[in-house]
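Report on the following structure.
Just so we're on the same page: letters track the sequence lines, and every chain starts at 1.
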Amino acid sequence: MGNSVCDGQASANQGRGTITTFYSPSAWIEDQAEQQLKQLSGWAGVRQIAAFPDLHPGKYGPVGCAVLADRLYPQLIGNDIGCGMALFALDLPARKFKLDKAERRMRALEGPLEADLSERLEEDGLAPDLFAQALGTIGGGNHFCEVQNLVEAEPDSGLDISRLYLLVHSGSRGFGNAVLGALPQGAFAGLLSDDPVAQNYLRDHDQAVLWARLNRQIIAERAAEALRADLHLISDAPHNLLEQKGTGWLHRKGAAKAVAGVIPLAGTRATPSYLLRPLGHADALGSLAHGAGRRYDRSSMHGRVRGKRSDLEAMTRTQFGGRILCEDRDLLIEEAPLAYKSAGDVAADLQDMGVAQTEAKFHPLLTFKKVKSEGRR
DNA sequence: ATGTGC
């Protein structure tokens, strides 16, 4: 069972929602994140919060939690509505993988896609020109597209240890940002279900969730085409989204939607990722951690790692013999593995707390972040 | 996390 920073007495503590934490006492959780968690529990109408081991401070509230509330808080979802992780199996034997060749080919992931994607948008019930220029692009920050080696799997997982896998972390790009930005002043105080502003937001939000999922699919198709492989989806799990739940609103912020099947848990570009099976814990709000969780904020990373050319060069290689395609100096530093907690520790906590079991473990092999556009080289 | 402006 998770413990509570509110001593389990929160329901008797007027005006505060209950907080259930699914991390061990030794987990790396910043004081600021727990302060944000407690503040959040006092927002009007907040009933219940599940906090996961990847919890870290965010702009409007902690990242790494699911929040059930009477009101809809758009800022809790943030601007990257529908952002999530998608894991694919590649029809590519690991023994045939040539890193140099793959690294050259994966450069094709940079920049907008030439193809006409209007039919793909329409297949998902979206307008044929809806942010079409950004569809199939990864974006910045912590987003990536990574080829992975399967190194451990439960015997009944159905995963083939000899094949390669692809993990995509991306979202709704400018679309979700526009949806959040279009809200009137006052929406951040919380919206009630019968408010037309809430209805309007929810309609756009649902489209952004569909768009983000399609974006991950198309990014994966671009990567598979570059690698001359077929692929099939294992799991797509969004972690920034809203759902109506009974009379309330379930907000997930950096918490994967996890109601069935298997859920990807991202490591870093140089540390393992995992595949988890949610166990339906009553207090987890149908959610799980989504990754390792940030340990240090972006700006402080510039003071924590050395930026000499040789140091940066070293940061493009991993202990597993893998590589990172990142030609943006700041991004290389801000997304260094040091900036993150251990996804292995996160997975272990989730297992110890009875919310998930680990199905498989993957090593990063080739992580695409960003390359300089071909025209400028 | 984004697109835009410096």
Open item on the list: Is Arg173(A) close enough to dA1(B) that one of its side-chain N or O atoms is under 4.0 Å from OP1 or OP2 there?
Closed with: no

Open item on the list: So, OP1 or OP2 of dG3(B): does either fall under 4.0 Å of a side-chain N or O from Asn177(A)?
Closed with: no

Open item on the list: Angle between ring planes, Phe320(A) versus His363(A), binned at 30° and 60°: parallel, tilted or perpendicular?
Closed with: parallel

- [ ] Find the distance Arg294(A):CZ to dA1(B):P and express it as a whole number of Å.
- [x] 7 Å

Open item on the list: Under 4.0 Å between a side-chain nitrogen and a carboxylate oxygen: does that hold for Glu327(A) and Arg107(A)?
Closed with: yes

- [ ] Can you tell me the distance, in whole Å, between the NE2 atom of His169(A) and the C1' atom of dA1(B)?
- [x] 10 Å

TODO: Send over the distance from Trp211(A) CH2 to dA1(B) P, rounded to a whole Å.
DONE: 16 Å

TODO: Calculate the interatomic distance between Asp297(A) atom CG and dA1(B) atom C1'; express it in whole Å.
DONE: 15 Å

Open item on the list: In this structure, how many angstroms lie between the P atom of dG3(B) and the NZ atom of Lys370(A), rounded?
Closed with: 11 Å

Open item on the list: Under 4.0 Å between a side-chain nitrogen and a carboxylate oxygen: does that hold for Glu30(A) and Arg295(A)?
Closed with: no

- [ ] Show your working on ring-ring contact (aromatic ring centres under 6.0 Å, His included) between Trp28(A) and Tyr296(A) and close with a plain yes or no.
- [x] CA-CA 11 Å; Trp28(A) 177 288; Tyr296(A) 299 123; 5.7 Å; yes

- [ ] Give the rounded distance in Å between these two atoms: NE2 of His143(A) and P of dT2(B).
- [x] 5 Å

- [ ] Take the protein atom OH of Tyr60(A) and the nucleotide atom P of dA1(B), then report the distance between them rounded to whole Å.
- [x] 14 Å

Task: Nearest-angstrom distance from the residue atom CG of Asn79(A) to P of dG3(B) - done: 10 Å

